[in-house]
Amino acid sequence: MAPPSTTTDPADRSPLITAATSGAGLALIAYAATHLLHRPGLLPAGLGAAAALAVLVALAETWHRRRTRPVRDLTTALAPLLRTEPAKAMIKARKHRNGTPTRLTIRYGATFDERDEKARAKVREIIATRLGGPAEATWKPTRRQILVTVDASPGSGDIIDSDQPAAPETTDPIPGRDTMRTRTTDVVQAILGASAHVDRVDFAAYTDTPTGIDVTYATTTRDLAAGFRDRVLLQINSKIPGNWRSTWDFENNRIRFELRPPFPTNVRYPITHQFVKYELPYAVTEHQRIESWALGSKNPHCLVVGPTGSGKTVFIRNLVVAARVLGIPVVLCDPKMTEYLDFEELDGVTVITETLDIAEAITLTHREMMSRYRAIKRRQARKGDFGKIMFILDEFFIFKEASGVIWQEMKARDKDLKGREHPCLSLWKRLAVLARTAEIHLTVGIQRPDAEFLTGLARDSFRMRISLDQATPEAARMMWGNSRIGTTLPNIQGRAVASTADGPAYVQVLRLLTPSDEDAFDAEDATVWKHLVDRMTHNAEAHANGDGPLAFLGPLNNPTPVEATETEGAFALPPAPAQPAPEPEDTTPAGALEAEDGTEEAGVYELEVGDHIELDLDTGTEPVEVADLHFGEDEDNEEEWVEIEYTAQDGTTGVQRLGVDDIVTRKTPATTSGGSET
Ligand SMILES: Nc1ncnc2c1ncn2[C@@H]1O[C@H](COP(=O)(O)OP(=O)(O)OP(=O)(O)O)[C@@H](O)[C@H]1O
């Protein structure tokens, strides 16, 4: 510590000494004047004037000292810390209240590091202590100045810190960076409050383009809310150039914002890709990593959502190609008829376009599933013994509507036909629930999110999802359980939100065009397509003429068997394929069986939220309403089950677990809603 100074600052002298000195001086002048002028009468008046002047000087001195002392004290306290040379005039007081400076400009030395948080805190503490009120300090590194505002109201003692620290402007040679730093601080503080602090801004080499921002913020509970974090990110994304993501460190109140790499567009199919068993590549992520659908019981079925022209067909082609390269046979149902022309000749792919043929394919695939299922149940086979099958139904609702029309006409012609919908639709629901065990994987294309696939049991099965459309908040909630995901999806061909291992994320679907894309199909597409066809053909299993893994499709598996189906017998189901007859004990109903009293026997897999069913409860058989449905598997014995969440008539709620194959009595939905069957 420096020894106390022995010289006295003139400003520290007592005002009385100044007054006495000036009074004595004046008295001396008055005394001399009376003698020189020989007028003794002047002496009392001269002494009186001297005394009055001395009092005035003392008062003026006192006022001045009161006004300048805080600044002098502050200068003495801050000069060693701020390393200001010379210390004199380092502080300018611009405004006072009751003699206390309330606005000051303080210079600081070149060797003081304004980024040192502790040093800044010390400076604020000294100012607050000396001036008796909370100090708000704005740091101007370029000018090496601190602009200080003091709230000197009595009783206030808190320190409000709203520093604007930034890396020293003078040392950054890249023009524009300092402006960007200031901008970043302004934006961050606008949403996180004045206490938020930008610790660091990273820039791309030799540019003023920010690539990373480190922020510390005051402890708050708002950071735990996803909505708040989304708003912070939205603020950064709208006000700082580029596309940003954020990583929150709740323990340390820190956020790292990182510039997302430019998202790839129009990504050609990577023909050198090393396929991994049962992983179907379909897109790249923002990090250029290939994203795949891993076929398995966790993600058994895939839901593709996208309006016309969004790239649904291209996505589905990706799955078909990958499945074929991996040796998985594909049943490809295309009610729009012309989307998969170039796959028709491929071994291992059966393209089906006619409504009744698709209905038949569903029936036959269901039959194949049941025979696999029974083999597992009888312990004649284990899961995994069967080859996988990919069953794709693009434009599900076009098919459903077309089959509905045909079904009505069939019923009008044949009074023995019963049921609200074509039986294949119940089989379809059953497939969606059970097919995973039988290694049959479904892919369904629809134009917009629909409860049919996103509630109840289907929701649990269609876990692999991809949406190629910019979502409304409602659609986003249905698809992803979050009303913001995908609502800002840019309108770029193939850009989508997909379920990845890290949750829903933006992806760019691989460009896989085929010759039928005509004008869009360029030379590079041709090279890729040829390569892929070679690869698929190389891996093809023998399946022609009814052999191979798609033999269960019978005549549908034959390249030209069913073309005339609708013209020949417009409303007849196509001829039964050459299949072993169903085993006698297969008594599972193919759909709901209606009774006279407005109830029907329905498979548990057919239930929907809102259905009215009867359940065996502790109190006996009770009518209940289905509130929700969950699908699962017993880890011990691999038995699949369905959990029915229900509301009883007295308002009590409960959960009952049934086997997927169980049958329940259900009020026919038409009766429930009071409407008539259409
Ligand atoms: N991932 C992609 N990369 C590059 N271009 C794409 C991609 N997906 C689609 N396209 C372009 O968009 C066009 C339409 O795509 P696609 O046929 O898949 O749409 P869709 O949703 O199936 O519509 P539709 O039902 O009318 O056929 C393609 O011919 C292609 O030119």
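Computed from heavy atoms alone, side chains included, the values below leave out hydrogens, waters and symmetry copies. For ligands, and for the atoms within them, numbers begin at 1 and follow the listed sequence.
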Handout entry: Atoms of ligand 1 close to S310 [distance to a heavy atom under 4.0 angstrom, numbered from 1]
Key =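 With S310 as reference, the close atoms of ligand 1 come out as 19 (O), 20 (P), 21 (O).
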
Exercise for the section: Below 4.0 angstrom from a heavy atom of G494, which ligand 1 atoms are there? Numbered from 1 as shown, please. Expected result: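 Ligand 1 atoms under the 4.0 Å threshold to G494: 1 (N), 2 (C).
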
Regarding ligand 1, does [X] bring an N or O atom to under 3.5 Å of one of the ligand's N or O atoms?
{"X": "T308", "result": "no"}
{"X": "Q508", "result": "no"}
{"X": "G309", "result": "yes"}
{"X": "V509", "result": "yes"}

Note the single closest protein heavy atom to [atom], along with its residue, its atom name and the distance in Å.
{"atom": "atom 30 (C) of ligand 1", "result": "L513 CD2, 3.8 Å"}
{"atom": "atom 27 (O) of ligand 1", "result": "E339 OE1, 2.9 Å"}
{"atom": "atom 3 (N) of ligand 1", "result": "R511 CB, 3.6 Å"}
{"atom": "atom 29 (O) of ligand 1", "result": "D517 OD1, 3.5 Å"}
{"atom": "atom 31 (O) of ligand 1", "result": "A520 CB, 3.7 Å"}
{"atom": "atom 4 (C) of ligand 1", "result": "N266 OD1, 3.2 Å"}
{"atom": "atom 22 (O) of ligand 1", "result": "T313 OG1, 2.3 Å"}
{"atom": "atom 12 (O) of ligand 1", "result": "Q493 OE1, 3.1 Å"}

Completion exercise
For F399 and I362 the tightest heavy-atom approach is CE2-CD1, 3.7 Å

Short side-chain donor-acceptor distance under 3.5 Å, [Y] and [X]:
{"X": "T488", "Y": "Y506", "answer": "yes"}
{"X": "D202", "Y": "T211", "answer": "no"}
{"X": "E339", "Y": "T313", "answer": "yes"}
{"X": "Y269", "Y": "N318", "answer": "no"}
{"X": "N266", "Y": "R511", "answer": "yes"}
{"X": "R436", "Y": "H301", "answer": "no"}

Handout entry: Salt-bridge contact D517-R317 (side-chain N to carboxylate O under 4.0 Å)
Key = yes

Exercise for the section: State plainly whether the residues D525 and R268 are in salt-bridge range, i.e. N to O under 4.0 Å. Expected result: yes

Handout entry: Candidate with minimal heavy-atom separation from atom 8 (N) of ligand 1, of D334, V314, I398, I316
Key =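 Going through D334, V314, I398, I316 one by one, V314 has the nearest heavy atom to atom 8 (N) of ligand 1.
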
Exercise for the section: Select the closest option to atom 15 (O) of ligand 1 among G306, A496, G311, judged by heavy-atom distance. Expected result: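 Heavy atom nearest to atom 15 (O) of ligand 1 belongs to G311.
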
Handout entry: F521-W529 aromatic ring centre distance below 6.0 Å
Key = no

Does ligand 1 have any atom sitting under 4.0 Å from a heavy atom of [X]?
{"X": "K336", "value": "yes"}
{"X": "P307", "value": "yes"}
{"X": "D394", "value": "no"}

Problem - Sidechain-backbone polar pair: R372 side chain, I440 backbone, donor-acceptor under 3.5 Å - result: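 Pair absent, no side-chain N/O of R372 close to backbone of I440.
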
Practice task
Report the part of L510 (side chain from C-beta onward, or backbone N, CA, C, O) that has a heavy atom under 4.0 Å from ligand 1; answer both or neither where that applies.
Solution key: backbone

Exercise for the section: Would you indicate whether the side-chain heavy atoms of L442 and L393 approach each other to under 4.5 Å? Expected result: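 Not in contact.
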
